[in-house]
Amino acid sequence: MSIRSLMTALAAAVLAAGSTFATSAPASARTAASVPGFDISGATTNVDWAGAVAAGARFVFITATEGTAYQDPNFARLSSGAYAAGLIRGAAHVAVPNASAGPAQADFFATHGGAWSADHRTLPGTLDLEFDPYGAACYGLGQSAMAGWIAGFVNEYHARTGRWAIIYTTPSWWNQCVGTSTDLGARDPLWVSAYGAAPPLPAGWTAYTFWQYAAEGTFPGGQDVFNGTADRLLALADGTS
């Protein structure tokens, strides 16, 4: 059986049989057309990969870089562990828009773990946009400047990898710091973070691709769901969706 067929069959079997995900996720996330996963950073030093797969996980996001100076020292090991476990995995970059230009951070990310591979196991990289824990919520940028910074990042990432980056954000951050710009939603998949009921959508998107619905739960780190079937998740990884 090919990797493509194997991954699709495994995910379908787990969802059909039921898993811990079926009782831990919000009802709005527990549909037949959904696939569970999780997200971690280097702060998660040890992962029971086999246990996560047994509980239903089929994908994982792992933080790789921040700004243009920080590389997560555990990224390579965690990414290798996810691959060996059969998970589809994606790298994430924590944006620091007041530190350097978007294209510079995209280049740093693509060079240090964020590049895409056509191996049936790698999602396009994620741009992590959220409130600045060290200073101004919007990094001192106005909405137009922030939209321009994001566009610079995703355009450079596309030039480097051939893929449009996934955008991780909260509706509150996007509405405050980017506003009503609709330039990104048509091409960049949305990974929305909203705990509780089905998430509201930032301007520009009509649907989410991934939803982070809790900070902890069945799997290590953040709890996520892909808004689609296992074959659509694989298509996103392969760049055929």
Side-chain angles (χ1 to χ4, degrees), residues 1 3-41 43-44 46-64 75 78-92 119-126 128 166-171 189-201 205 207-238 240-241:
M1 181 179 289
I3 293 176
R4 181 190 300 269
S5 299
L6 178 61
M7 291 299 293
T8 301
L10 282 172
V14 169
L15 290 175
S19 67
T20 310
F21 167 76
T23 57
S24 63
S28 52
R30 290 184 270 115
T31 67
S34 61
V35 182
F38 60 105
D39 60 275
I40 57 175
S41 69
T44 306
N46 295 301
V47 176
D48 178 3
W49 296 110
V53 171
R58 288 296 172 263
F59 66 89
V60 60
F61 289 103
I62 307 168
T63 300
F75 171 77
L78 293 171
S79 184
S80 295
Y83 186 92
L87 291 170
I88 294 175
R89 79 275 200 241
D119 58 4
H120 307 297
R121 301 278 187 87
T122 305
L123 292 164
T126 292
D128 181 340
I166 297 167
I167 291 180
Y168 168 93
T169 194
T170 65
L190 172 65
W191 175 13
V192 63
S193 176
Y195 300 161
L201 299 175
W205 284 277
Y208 64 85
T209 300
F210 295 94
W211 172 19
Q212 184 190 66
Y213 61 83
E216 57 184 14
T218 300
F219 311 117
Q223 310 296 290
D224 303 288
V225 62
F226 171 72
N227 186 19
T229 57
D231 63 316
R232 300 315 299 161
L233 175 63
L234 187 57
L236 178 60
D238 287 345
T240 58
S241 62

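The analysis underlying the following values was restricted to heavy atoms, covering all of them including side chains, and did not include hydrogens, waters or symmetry mates. If you read the sequence from its start, that first residue is 1, and numbering goes on from there.
Closest of all the heavy-atom pairs between G90 and L123 is CA-CB, 4.1 Å. Across all non-hydrogen atoms, the minimal contact from V60 to A82 is CG1-CB, 3.6 Å. Residues W49 and A85 approach most closely at CB-CB, 3.6 Å, considering heavy atoms. Pairing each heavy atom of P220 with each of T44, the nearest pair is CB-CG2, 4.3 Å. Among all heavy-atom pairs drawn from P36 and G56, the shortest one is CG-O, 3.1 Å. Taking both residues in full, the closest heavy atoms of A55 and F219 are given as CB-CE2, 3.6 Å, listed atom of the first, atom of the second, then distance.
Qualifying side chain to side chain donor-acceptor pair (under 3.5 Å) partners for Q212, counting only residues two or more places apart in sequence or in other chains: D39, Y168, S193, Y195. Scored by the side chain to side chain donor-acceptor pair (under 3.5 Å) test, T170 finds S172 as partners (sequence neighbours excluded). The side chain to side chain donor-acceptor pair (under 3.5 Å) test applied to W211 returns no partner, not counting sequence neighbours.
Using modelled atom types, no side-chain atom of E216 and backbone atom of A214 make a donor-acceptor pair closer than 3.5 Å. Judged by distance alone, with hydrogens and angles left aside, the side-chain atoms of N227 form a donor-acceptor pair with the main-chain N or O of Y208 at under 3.5 Å. Side chain of D119 to main chain of R121: a donor-acceptor pair is present (N/O by atom type, distance under 3.5 Å, no hydrogens or angles). Between the R58 side chain and the I88 main chain, no donor and acceptor come within less than 3.5 Å of each other.
Side chains of D128 and W191: a donor-acceptor N/O pair is absent below 3.5 angstrom, by distance only. Between the side chains of D238 and T240, no donor-acceptor pair is found at a separation under 3.5 Å.
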Can I40 and V47 be said to form a side-chain contact (heavy atoms from CB on, under 4.5 Å), step by step?
CA-CA 9 Å; I40 57 175; V47 176; 3.9 Å; yes

Residues L87, V53; criterion side-chain contact (heavy atoms from CB on, under 4.5 Å); working and verdict
CA-CA 8 Å; L87 291 170; V53 171; 3.9 Å; yes

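The ring pair (Phe, Tyr, Trp, His ring centres under 6.0 Å) test with F226 is passed by exactly one of F59, F210, Y213: F210.
Looking at L236 and T209, their side chains come closer than 4.5 Å, going by heavy atoms from C-beta outward. Taking 4.5 Å as the limit, every side-chain heavy atom of F61 sits out of range of all side-chain heavy atoms of R89. Taking 4.5 Å as the limit, some side-chain heavy atom of P171 sits within range of a side-chain heavy atom of V192. Side-chain contact between L190 and L201 is present, with heavy atoms from C-beta onward closer than 4.5 Å.
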